[in-house]
Asks: 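Handing you a structure now.
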2 protein chains.
Amino acid sequence: MTEPATVAPGRARGGRRDEILVTFTRHVAERGYDRANFGDVASELGLSKGTIVHHFGTKDRMLAEVQERYMRRALDEARAFLTRLDRPEHRLAAFVHAGVRYQTDDPATTIAFQREVVRLTDEPGMETARAQRDAYRDLVVGVLRDGEAAGVFVPGDARLRSLQMFGSLHWMWTWFDPQGRLAPEAVAAEFCRTLLRGLGVPETAVAQAADPDGPAAVCAREVVVG
Amino acid sequence: MTEPATVAPGRARGGRRDEILVTFTRHVAERGYDRANFGDVASELGLSKGTIVHHFGTKDRMLAEVQERYMRRALDEARAFLTRLDRPEHRLAAFVHAGVRYQTDDPATTIAFQREVVRLTDEPGMETARAQRDAYRDLVVGVLRDGEAAGVFVPGDARLRSLQMFGSLHWMWTWFDPQGRLAPEAVAAEFCRTLLRGLGVPETAVAQAADPDGPAAVCAREVVVG
DNA sequence: GTGAACTGACCGCACGTACGGGCAGAGTAG
DNA sequence: CTACTCTGCCCGTACGTGCGGTCAGTTCAC
């Protein structure tokens, strides 16, 4: 179908597996995990249900793989821009810029992940993804604590603040439209401004960190896209 | 079972219907709409699946009823505390205090609603609930605009800010534990502080609006509980 | 030959819903 | 008060369907 000129003509060298995962991810994003099913994915790709089972075993494992891929990427990129930025307000802003950017950069995986995050908490087989998620949150909490210690952020409950921030970002899938007239940069900037100002960052630093052409946004853009 | 001394001994005056809805709501909160099923609800209540169908017709309509009940209550209560409070920062804080309070006051309905909000956007039969949701958001947007016009909030995108705020609140169901050591008042206070400070409200006004014993929190508590 | 990719028929089950009937209380006529 | 009917709540069963997963077998590259 949308074969992008793979190596072998008849047999894609394992790229088929990825194709399945991508399509499944899109279905999860559109309908949710429960309503996504092998039959639809298979017929859309022109192969049989058995093939999907052959590659992934069970539906649960497929979802787990989606979550792990998403989190691995997010973690890698977060660590990348943490090494490139040093000021706490820039670091925190980069998390916001990146988080918003994922909505347009890879909407399917992002939405699939956010729709089904709750399964990380109780479902078995999700241990890896859960650990990744916790690690990611710990990165943000660390930035908040560092900033607090450095006097950049006013004292407060860092964990709670991280949850407040993640809430705003993880809720985006219910209303954000990548094709809409609201640009992701505008959303990220507004979110950054309210958040950083809310943490007590001075107005000039807020403006710089929220600016779509400022160091935090630029860094996030470079890391996330390529 | 848990019959609270109803009027007629043999025949509960329609309270059975409510009982079914309450149980269904709890199941949706715990497992999500797709995994909630008539069989489990029926057996838990000691009645047959047919009874549920008799009362509600279809599963969709049951969910719609849950959403509408929740939104009707939220709307009524929001209008109530808007008439009692006049300062924008207090009004906005009341939304936050109330929103957090719902998590402990009626966790099942709140979680059921928040888990399945996305169905409001596309599913048919949800028009009423969707209109209620939009009306609720418009109330918040109105408060944000008023506060901006009055010079209490710094200029910005009111709609975007409302979404940022709702995100933090609607995401709570994924992490907040009513039995946990984190009190709802503490969460509401921290959320209020970050949000209001982020909107440019002076520190003293922030402290008052966020205070669990301040006018906004007290008003929200009175309205929400009874 | 060996093994991976893939097929297509099939199983078992869970779930939403339809349907016919039972049963108890309210209303009504005598 | 009695007898009869009406009505709404409720039951039990059965049906259709959709879906996850199994399995024996085929094709094809190395």
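What you are looking at is a predicted structure, and each value in this text was computed from that prediction instead of being measured. Chain identifiers are assigned alphabetically (A, B, ...) following the order of the sequence lines, protein sequences preceding nucleic acid strands; residue numbering begins at 1 within each chain.
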Asks: Is the distance between the ring centroids of B:F24 and B:F56 under 6.0 Å?
Replies: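 Not close enough - the centres of the two rings lie 6.0 Å or further apart.
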Asks: Would you please confirm or rule out a distance under 4.0 Å between OP1 or OP2 of D:dC11 and any side-chain N or O of B:T51?
Replies: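 It does, given that an N or O in the side chain of B:T51 lies less than 4.0 Å from OP1 or OP2 of D:dC11.
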Asks: What I want to check is whether an N or O donor and acceptor connect the side chain of B:K49 with the base of D:dG12 at under 3.5 Å.
Replies: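 For B:K49, whose side chain was compared with the base of D:dG12, there is no donor-acceptor pair (under 3.5 Å).
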Asks: Tell me: CE of B:M62 to C1' of C:dT17, nearest whole Å?
Replies: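 After rounding, the reported distance stands at 14 Å.
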Asks: For residues 64-83 of chain B, pull every pair meeting side-chain hydrogen bond (donor to acceptor under 3.5 Å, both in side chains), keeping only residues two or more places apart or in separate chains.
Replies: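 For residues 64-83 of chain B, and leaving out neighbouring residues, the side-chain hydrogen bond (donor to acceptor under 3.5 Å, both in side chains) pairs sorted by first residue read B:R17-B:E65, B:D18-B:R69, B:R73-B:E77, B:R73-B:D105, B:E77-B:Y102.
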Asks: Considering just the side-chain nitrogens and oxygens of A:S48, establish if one lies under 4.0 Å of OP1 or OP2 belonging to C:dT7.
Replies: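 Answer yes for this pair, as a side-chain N or O of A:S48 is under 4.0 Å from OP1 or OP2.
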Asks: Could you tell me how far apart B:D60 (CG) and C:dC15 (P) are, to the nearest whole angstrom?
Replies: 16 Å
Asks: Between A:F24 (CZ) and D:dC19 (C1'), how many Å, whole number?
Replies: 13 Å
Asks: What side-chain hydrogen bond (donor to acceptor under 3.5 Å, both in side chains) pairs are there with at least one residue in residues 51-60 of chain B, not counting sequence neighbours?
Replies: B:Y33-B:D60
Asks: Could you please name the option among C:dT7, C:dT17, D:dG21 that lies closest to any side-chain atom of B:V53?
Replies: C:dT17
Asks: In whole angstroms, how far is the P atom of D:dG20 from the CG atom of A:D34?
Replies: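 My rounded result for the distance is 10 Å.
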Asks: To the nearest Å, give me how far apart CZ (B:F56) and C1' (C:dA18) are.
Replies: 18 Å
Asks: State which of D:dG20, C:dA5, C:dT7 makes the closest approach to the side chain of A:H54.
Replies: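 Nucleotide nearest to A:H54's side chain: C:dA5.
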Asks: According to the interplanar angle, ranging from 0 to 90°, do the rings of A:H170 and A:F113 count as parallel (below 30°), tilted (30 to 60°) or perpendicular (above 60°)?
Replies: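 Answer is perpendicular, since the angle exceeds 60°.
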Asks: Measure from NE2 on A:H55 to P on D:dG21 and round the result to the nearest Å.
Replies: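 Distance check: A:H55 NE2 to D:dG21 P gives 16 Å.
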Asks: Could you check how far CZ of A:R16 sits from C1' of C:dT7, rounded to whole Å?
Replies: 13 Å
Asks: Using a 4.0 Å heavy-atom cut-off, does B:F38 contact any base of the nucleic acid, only the sugar-phosphate backbone, or nothing at all?
Replies: base
Asks: Mind calculating the distance between CD1 (A:I52) and P (C:dG8) to the nearest angstrom?
Replies: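 Distance check: A:I52 CD1 to C:dG8 P gives 13 Å.
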Asks: With respect to the side chain of A:K59, which nucleotide from D:dC10, C:dA5, D:dG20 is positioned closest?
Replies: D:dG20
Asks: Regarding A:A42, tell me which of base, sugar-phosphate or nothing describes its non-hydrogen contacts under 4.0 Å with the strands shown.
Replies: nothing
Asks: Under a 4.5 Å cut-off applied to non-hydrogen side-chain atoms, are A:V143 and A:L82 in contact?
Replies: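 When only atoms from C-beta onward are counted, A:L82 and A:V143 do touch, with a gap below 4.5 Å.
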